[in-house]
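Notes to accompany the following structure.
Note that ligands are numbered from 1 as they come in the structure, with each ligand's atoms numbered from 1 the same way. For this chain, numbers begin at 1 and follow the sequence in order.
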Amino acid sequence: MLNFTFHSPTKIHFGEDQIRVIADEIPADAKVLLVYGGGSIKHNGVYEQVVGALADHTWFEFSGIEPNPTYDTLIKAQDIIKQHGINYLLAVGGGSVVDGAKFIAAAALFEGDDPWDILIKRAPIKQALPLGAVLTLPATGSESNGNSVVTRDGNKLPFASTLLRPQFAVLDPKVTLSLSDRQISNGVVDAFIHVIEQYLTYNVNGKVQDRFAEGLLQTLIEEGPKALNAETKNDLAIRGNIMWSATMALNGLIGLGVPQDWSTHMIGHELTGAFGIDHARTLSIILPAVMKVKRAEKHEKHEKLVQFAERVWHLTDSDETIKIDKAIALTEDFFKRMQVPTRLSEVELTKDNIEGILERLQQHGMTALGEHSNITIDVSRKILTLAL
Ligand SMILES: NC(=O)c1ccc[n+]([C@@H]2O[C@H](COP(=O)([O-])OP(=O)(O)OC[C@H]3O[C@@H](n4cnc5c(N)ncnc54)[C@H](O)[C@@H]3O)[C@@H](O)[C@H]2O)c1
């Protein structure tokens, strides 16, 4: 296991009707900006609960943060922040809103000329407004990590800082009942692939991290399809297990002291940036191809793929090649059961689109991806071709 330092300061309030705790979590004298998206929270009772909890606070609101939040929208929050002296952000929504709030928090106290430099020039974040989150869509883990992804002119770029970890997050499985099947399947698949990015690399004897990761993968495989089944989809225990799995998948715990991949995400971001495909659906297309390209060599993913086959899919064949074949096929089958695509052709992309995607990867400096930094543009071409 590699060295690590662990500090996970987000206080989690899990369970039904926990939204009211924000009244005590946000300092009484704070000037709060309630940040949300397109208004789904006004149809499912979440807005009323939040407003009720903020009754004794001074608060303002900023809405309209879109899925895959854009710089152009987020930067508009700066006026209201300056005008009212906002000093606390409350993000209420899915990953896009929480990510968006993080950019707003960093931009508000950014000392350079243009906050976009945080993404394009990786300008360091030295301070940020504090934020809390009420999560409405389990998927990204953004509610308890310091990561964010923001898009400008089709360029979808990540940034991160420990200063952006929410101080608290409310996870009420009941608020996920208003999600569409598409959002549920996207969330489960996104969380699954977050685990894979931190697990399916090479062995460093991180036994605790591996077994946590395998437990999360098994839970998502078990519970995900139930959340799409008409008879079980409204079961709060199922929703709760999915919600907690998604948070644990990317709150930093399982990635401690182990190598991480993230190539599927970086290639996937280009598909969203260029073609507007849902984040999770880009991942379900790219991951199987990454597994196929990186399965062969002993020093790549071979050993971990065998472990994945044995421990997650309970495959007992003696032949390692057959185990890996079956594990990849079962993963694709899981994605199909979750109703997400596994091929570029399913989202109407063809080999004619590949060079354009590679150009974007090059342009964004994504030329040495993966746990060994050896997924070059040529390897990405191989991955995209296998994903056709
Ligand atoms: N910060 C991270 O660590 C991290 C990790 C992975 C992905 N991301 C990013 O997060 C974004 C995706 O976030 P997401 O998957 O949570 O989806 P999202 O926040 O984009 O939401 C998707 C849709 O679901 C709706 N919605 C949310 N909650 C709802 C509810 N309870 N009922 C009805 N509708 C609801 C939203 O209004 C939106 O239209 C992408 O930009 C992705 O790149 C961030």
Side-chain angles (χ1 to χ4, degrees), residues 10 19 35-47 49-50 63-71 73-74 91-103 105-106 119 131 133-152 155-162 164-166 169-198 227 239 242-243 246-252 255 260 262 264-273 276-284 340:
T10 305
I19 290 177
V35 174
Y36 60 99
S40 65
I41 63 166
K42 290 204 169 158
H43 300 120
N44 60 7
V46 172
Y47 183 82
Q49 290 182 64
V50 170
S63 64
I65 297 181
E66 60 278 80
N68 305 304
T70 66
Y71 170 89
T73 298
L74 301 172
V92 182
S96 292
V97 169
V98 183
D99 278 13
K102 290 176 183 175
F103 181 76
L119 291 102
L131 74 147
V134 174
L135 188 70
T136 63
L137 196 173
T140 63
S142 187
E143 67 281 5
S144 70
N145 68 35
N147 308 335
S148 171
V149 194
V150 171
T151 300
R152 188 179 192 182
N155 297 299
K156 185 169 180 180
L157 298 175
F159 67 103
S161 165
T162 51
L164 298 173
R165 278 177 176 265
V170 177
L171 309 182
D172 177 351
K174 206 155 79 175
V175 312
T176 72
L177 292 177
S178 56
L179 287 166
S180 65
D181 283 0
R182 186 182 181 105
Q183 298 306 343
I184 291 166
S185 56
N186 281 354
V188 169
V189 169
D190 193 21
F192 183 91
I193 296 175
H194 290 158
V195 179
I196 291 279
E197 298 274 29
Q198 300 162 88
R239 297 296 179 119
I242 290 174
M243 200 167 205
T247 298
M248 291 293 288
L250 202 50
N251 67 354
Q260 302 193 17
W262 298 105
T264 295
H265 268 72
M266 294 310 128
I267 300 172
H269 285 171
E270 302 304 347
L271 295 177
T272 302
I277 302 164
D278 295 0
H279 175 65
R281 287 159 183 255
T282 68
L283 307 180
S284 58
V340 293

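For ligand 1, the atoms lying closer than 4.0 Å to a non-hydrogen atom of N44 are 30 (C), 31 (N), 32 (N). Close contacts between ligand 1 and S40 involve ligand atoms 26 (N), 29 (C), 33 (C), 34 (N), 35 (C), 37 (O) [criterion: under 4.0 Å to a heavy atom]. Applying the 4.0 Å criterion to heavy atoms of L250 picks out, from ligand 1, the atoms 3 (O), 5 (C). Residue Q183 approaches ligand 1 through these ligand atoms, each under 4.0 Å from one of its heavy atoms: 22 (C), 23 (C), 24 (O). Annotation for ligand 1: atoms under 4.0 Å from non-hydrogen atoms of N147 are 1 (N), 2 (C), 3 (O). Short contacts between ligand 1 and N145, defined as distances under 4.0 Å to a heavy atom of the residue, involve ligand atoms 1 (N), 2 (C), 3 (O).
Side chains of T247 and E143: a donor on one and an acceptor on the other come within 3.5 Å. No side-chain N or O of N68 forms a donor-acceptor pair with one of T151 less than 3.5 Å apart.
With hydrogens and angles ignored, the 3.5 Å screen pairs a side-chain donor or acceptor of T10 with a backbone N or O of P166. The closest donor-acceptor contact from the side chain of D99 to the backbone of V149 lies under 3.5 Å. Between the R165 side chain and the N145 main chain, no donor and acceptor come within less than 3.5 Å of each other. Judged by distance alone, the side chain of K42 and the main-chain N or O of Y47 form no donor-acceptor pair under 3.5 Å. Looking at Q183, its side chain never comes within 3.5 Å of a backbone N or O of L137 through a donor-acceptor pair. Listed for the D172 side chain is a donor-acceptor partner under 3.5 Å among the backbone atoms of K174.
Shortest contact from atom 43 (O) of ligand 1 to any protein heavy atom: K156 NZ, 2.8 Å. Regarding atom 33 (C) of ligand 1, its nearest protein heavy-atom neighbour is S178 O, 3.4 Å. Residue, atom and distance of the protein heavy atom nearest to atom 41 (O) of ligand 1 are N68 OD1, 3.1 Å. Scanning the protein for heavy atoms near atom 7 (C) of ligand 1, the closest one is H279 NE2, 3.4 Å. Among protein heavy atoms, the minimum distance from atom 44 (C) of ligand 1 is reached at D99 OD2, 3.0 Å. Of the protein's non-hydrogen atoms, S96 OG, 2.5 Å is the one closest to atom 20 (O) of ligand 1. In this structure, the protein non-hydrogen atom closest to atom 4 (C) of ligand 1 is T140 CB, 3.6 Å. Atom 39 (O) of ligand 1 has P67 CG, 3.7 Å as its closest protein atom, hydrogens excluded (heavy atom only).
Contact detail for T272 and K156: the closest heavy-atom pair is CG2-NZ, 3.8 Å. Taking all atoms of both residues into account, the shortest heavy-atom contact from G146 to K102 is C-NZ, 4.0 Å. The two residues L164 and A105 come nearest to each other via the heavy atoms CD2-CB, 4.2 Å.
At least one heavy atom of H194 sits closer than 4.0 Å to an atom of ligand 1. Residue contact check for ligand 1: N186 places no non-hydrogen atom closer than 4.0 Å to it. Every heavy atom of E66 sits 4.0 Å or more from the atoms of ligand 1.
For G141, no nitrogen or oxygen atom sits less than 3.5 Å from a nitrogen or oxygen atom of ligand 1, counting backbone and side chain alike. At least one N or O atom of T136 sits closer than 3.5 Å to an N or O atom of ligand 1. Where the criterion is an N or O separation shorter than 3.5 Å, residue side chain and backbone included, V175 meets it with respect to ligand 1.
The option from V149, T282, V189, L137 that lies nearest to atom 24 (O) of ligand 1, judged by heavy atoms, is L137.
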Inset, instruction - Test T282 against H269 for side chain to side chain contact (heavy atoms under 4.5 Å, CB included), laying out the working first. - result: CA-CA 8 Å; T282 68; H269 285 171; over 6 Å; no

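Ring-plane geometry between F103 and F159 is classed as perpendicular, the angle between the planes exceeding 60 degrees on a 0 to 90 degree scale with a lower cut at 30.
Contacts between T272 and ligand 1 below 4.0 angstrom, taking non-hydrogen atoms only, are absent altogether.
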